[in-house]
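Report on the structure given below.
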Amino acid sequence: MTGRLEGKVAVITGAASGIGAASAVRFSDEGAKVVVADVDARAGQALADRIGGSYFEVDVTDAAGVEAMYDHALQRWGRLDVSFNNAGISPPEDDSILTTGLDAWRRVQEVNLTSVYLCCQAALPRLLAGGGGSIINTASFVALMGAATSQISYTASKGGVLALSRELGVQFAREGVRVNALCPGPVSTPLLQELFANDPERAARRLVHVPMGRFGQPEEIAAAAAFLASDDASFITASTFVVDGGIHAAYVTPL
Ligand code: NAD
């Protein structure tokens, strides 16, 4: 590894699993000190121990908890350079607009969108005080494209993350804080693997739209996040950073 993140301190939410966990490993391999932030204490603590970072238990929908998370980063590691706001959920009760109840709608908005508002609101003053930094918010390719297999609150929440990130990127561009929205395509996480192993037709319906003909790996999203976190991305802000195997650009895919 190149040590691109040497000397930097990164907070990663949702870091106990999937994309967040792969990113914690990658950031650490590149030299960062990582705060592994998650509700899952067992997996979060184990990962923090493995990479020589620290675990912080947080529910990202809780404003006081989010503030305390960044205070922890500053107290434990002395600075804050990167906030990767990645925690998110996609529960089965969030489905077609015709069947999704208000409780399910609100829960997804809280965890996926309000959390990003809270994390940005708490991280920005601390990043500005430290002279700048990088915020990466996890949106999704579904913020860019429509699906007939709807998860309506999830899609709306990710559209919100995308617009919020763009606005903050523009607002703080001259103050040294870069803000980008990362838009992964479908990524092979345990949840997705289980879902599609039980239902190959469901997998095939999606794979036909992917020019590369496969789902992404968490490590491939982590590599993009590490780039956006690093000074290699010094002229990139307010971007819609798509890492999706070409899905968003495709009309007809290769046979
Ligand atoms: P994952 O389920 O593997 O990991 C999500 C982590 O977030 C878990 O460790 C979970 O404990 C944590 N979390 C959930 N609610 C939380 C809360 N309230 N407070 C703190 N932590 C909480 O998911 P993943 O697939 O790695 O997804 C990570 C992000 O990427 C999400 O925002 C997701 O919407 C987005 N995304 C995923 C895919 C995909 O195909 N997997 C595609 C596009 C975008």
Side-chain angles (χ1 to χ4, degrees), residues 11-26 35-48 55-70 72 83-92 94 106-119 122 136-145 147 149 151 153-162 164-165 181-196 202-203 206-207 209-210 214-222 224-225 228 240-245 247-248:
V11 171
I12 304 179
T13 69
S17 172
I19 293 167
S23 300
V25 171
R26 177 69 187 244
V35 175
V36 174
D38 207 289
V39 277
D40 184 342
R42 196 191 49 79
Q45 186 66 61
L47 180 60
Y55 170 67
F56 190 83
E57 185 167 345
V58 69
D59 178 341
V60 288
T61 67
D62 173 38
V66 167
E67 289 279 346
M69 171 177 76
Y70 294 109
H72 162 84
S83 184
F84 182 18
N85 305 319
N86 163 79
I89 55 170
S90 104
D94 176 23
R106 284 190 172 140
R107 178 72 190 143
V108 171
Q109 293 296 316
E110 280 283 301
V111 178
N112 289 9
L113 178 57
T114 306
S115 70
V116 174
Y117 149 76
L118 290 174
C119 288
I136 304 150
N137 295 323
T138 307
S140 167
F141 74 114
V142 302
L144 304 170
M145 312 178 64
T149 51
Q151 288 194 286
S153 186
Y154 183 90
T155 296
S157 74
K158 295 302 187 181
V161 170
L162 186 60
L164 178 152
S165 306
L182 184 58
C183 293
V187 176
S188 189
T189 54
L191 190 80
L192 190 122
Q193 281 164 10
E194 197 186 327
L195 202 69
F196 294 151
R202 200 168 171 167
R206 285 158 179 79
L207 278 171
H209 296 288
V210 191
R214 65 174 177 86
F215 297 127
Q217 295 298 321
E219 291 74 19
E220 294 177 301
I221 310 302
L228 289 172
T240 299
F241 204 89
V242 185
V243 185
D244 71 344
I247 301 170
H248 76 287

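Whatever order the structure lists ligands and atoms in, that order sets their numbers, starting from 1. We number each residue from 1, following the sequence as shown. Here the structure is a predicted model, which is why all the values come from computation and not from measurement.
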Side-chain heavy-atom pair F84, V11 within 4.5 angstrom cut-off: no
Residue pair S188 / Q193, side-chain donor-acceptor N/O under 3.5 Å: yes
Residue part near ligand 1, for Y154, under 4.0 Å between non-hydrogen atoms: side chain
Heavy-atom nearest neighbour in the protein, as seen from atom 2 (O) of ligand 1, with distance rounded to 0.1 Å: S17 OG, 4.3 Å
Minimum heavy-atom distance between Y55 and A41, given as atom pair plus value: OH-CA, 3.1 Å
Atom 10 (C) of ligand 1 - nearest protein heavy atom and its distance: D38 OD1, 3.4 Å
Contact partition for A21 relative to ligand 1, non-hydrogen atoms under 4.0 Å: neither
Side-chain donor/acceptor of D94 to backbone N/O of S153, under 3.5 Å: yes
Exercise: identify the closest heavy-atom pair between V58 and M69: CG1-SD, 3.8 Å
Per-atom contacts, ligand 1 versus V58 - under 4.0 Å to a heavy atom: 19 (N), 20 (C)
Closest approach of any protein heavy atom to atom 16 (C) of ligand 1, naming residue and atom: V39 CG2, 3.9 Å
Atoms in ligand 1 with a heavy atom of G185 nearer than 4.0 Å: 40 (O), 42 (C), 43 (C)
Closest non-hydrogen atom pair, A203 against F215: O-CZ, 4.3 Å
Nearest-option assignment for atom 5 (C) of ligand 1, heavy atoms, candidates A22, G88, G18: G88
Selected option - heavy-atom contact closest to atom 29 (C) of ligand 1, from N86, V161, T114: N86
Test item: Y70 side-chain N/O and S83 main-chain N/O as donor-acceptor pair under 3.5 Å: no
E110 heavy atom under 4.0 Å from ligand 1: no
Protein contact of atom 19 (N) of ligand 1 - nearest heavy atom, named by residue and atom, plus distance: V60 N, 3.0 Å
Any donor-acceptor pair under 3.5 Å from D244 side chain to P184 backbone: no
D59, portion touching ligand 1 at heavy-atom distance under 4.0 Å: both
From T61, T138, V111, N137 - option closest to atom 35 (C) of ligand 1 by heavy atom: T138
Atom 43 (C) of ligand 1: the protein heavy-atom neighbour that sits closest, reported with distance to 0.1 Å: P184 O, 3.4 Å
Atom 23 (O) of ligand 1 within contact range, any protein heavy atom under 4.0 Å: no
Ring center gap for F56 and H72 short of 6.0 angstrom: yes
A139: numbered ligand 1 atoms lying under 4.0 Å from its heavy atoms: 44 (C)
Under 3.5 Å: donor-acceptor pair, side chain of T138, backbone of L182: no
Ligand 1 to G20 polar contact by distance, N or O atoms, under 3.5 Å: no
side-chain contact (heavy atoms from CB on, under 4.5 Å) between I89 and R107, worked out: CA-CA 9 Å; I89 55 170; R107 178 72 190 143; 4.0 Å; yes
Atom 25 (O) of ligand 1 - nearest protein heavy atom and its distance: T189 CG2, 3.2 Å
Donor-acceptor pair between Q109 and T114 side chains, under 3.5 angstrom: no
Heteroatom proximity flag, R107 to ligand 1, N/O under 3.5 Å: no
Atom indices of ligand 1, in the order listed, that fall short of 4.0 Å to a heavy atom of P186: 40 (O)
Polar atom proximity, V187 to ligand 1 (N or O, under 3.5 Å): yes
Protein contact to atom 7 (O) of ligand 1 [nearest heavy atom, distance to 0.1 Å]: G14 CA, 3.3 Å
Proximity to ligand 1 by part of I221, non-hydrogen separation under 4.0 Å: neither
Contact (N/O only, under 3.5 Å) between S140 and ligand 1: no
Heavy atom of the protein closest to atom 37 (C) of ligand 1 (residue, atom name, distance): I19 CD1, 3.8 Å
Salt-bridge present (R26, E220; N to O < 4.0 Å): no
Backbone of I19 reached by a side-chain donor or acceptor of N86 within 3.5 Å: no
Test item: side-chain donor near acceptor, N137 and S165, under 3.5 Å: yes
